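Since this is a predicted model, take the numbers as computed values, not measurements. For the numbers below, each heavy atom of this structure counts, side chains included, while hydrogens, waters and symmetry mates do not. For this chain, numbers begin at 1 and follow the sequence in order.
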Amino acid sequence: MIARIWHGTTKATDYEAYTAFMHARAIPDYQKTKGFVKLSFLRRIEHDIAHFTLITYWENMSVIKNFAGDDYESAKYYPEDNDYL
């Protein structure tokens with residue numbers, strides 16, 4: 001099994017909206033990938049910055065490449081991320 005960790009930040013005012021986006025769009029995208037095992041979605045607010053950490057677990061590197069594409073060492077972003085991150 002392989003774990004990947006992603007960390008991103010938003011303004012604290014976007015905390016709930018970005019959380020909703022993650023639950024509606026990003027997390028289901030991870031979960032529908034064959035070979036995906038599980039994830040942990042962590043979040044916190046520090047002063048005026050919201051921190052998000054996503055730890056994903058995958059069966060093997062081939063599964064990660066299937067999910068993330070050719071540039072599998074970089075994070076996969078969605079168009080909506082531009083509104084928050």
Exercise: identify the closest heavy-atom pair between A68 and R4: CB-NH1, 3.6 Å
T13 OG1 to D48 CG distance, which is reported to the nearest 0.5 Å: 8.5 Å
Cluster check Y84, Y78: I/L/V/M/F/W/Y, side chain < 4.5 angstrom: yes
Distance-minimising heavy-atom pair for T10 and F52: OG1-CE1, 3.5 Å
Side chain to side chain contact (heavy atoms under 4.5 Å, CB included) assessment of I55 paired with K38: CA-CA 8 Å; I55 306 168; K38 66 180 180 175; over 6 Å; no
Sequence-distant partners of F36, ring-ring contact (aromatic ring centres under 6.0 Å, His included), two or more places apart: W58
Sub-4.5 Å side-chain heavy-atom contact between T19 and F21: no
Sequence neighbours excluded - salt bridge (Lys or Arg N to Asp or Glu O under 4.0 Å) pairs with any residue from residues 73-85: R25-E80, D29-K76
Donor-acceptor under 3.5 Å (N60 side chain, V63 main chain): yes
Hydrophobic cluster identity match, Y18 and L42, side-chain contacts under 4.5 Å: no
side-chain contact (heavy atoms from CB on, under 4.5 Å) partners of I49, counting only residues at least two apart: T9, H51
In one Ile/Leu/Val/Met/Phe/Trp/Tyr side-chain cluster, 4.5 Å: L39, I5: no
No-hydrogen, no-angle side-chain donor-acceptor test under 3.5 Å, R43 and T53: no
Atom pair OH (Y72) and OG (S62), whose distance is rounded to the nearest 0.5 Å: 10.0 Å
same_hphob_cluster(Y30, I2) at 4.5 Å side-chain heavy-atom cutoff: yes
L85 vs Y77 side-chain heavy atoms within contact, under 4.5 Å: yes
Heavy-atom check, side chain of V37 versus side chain of M1, under 4.5 Å: yes
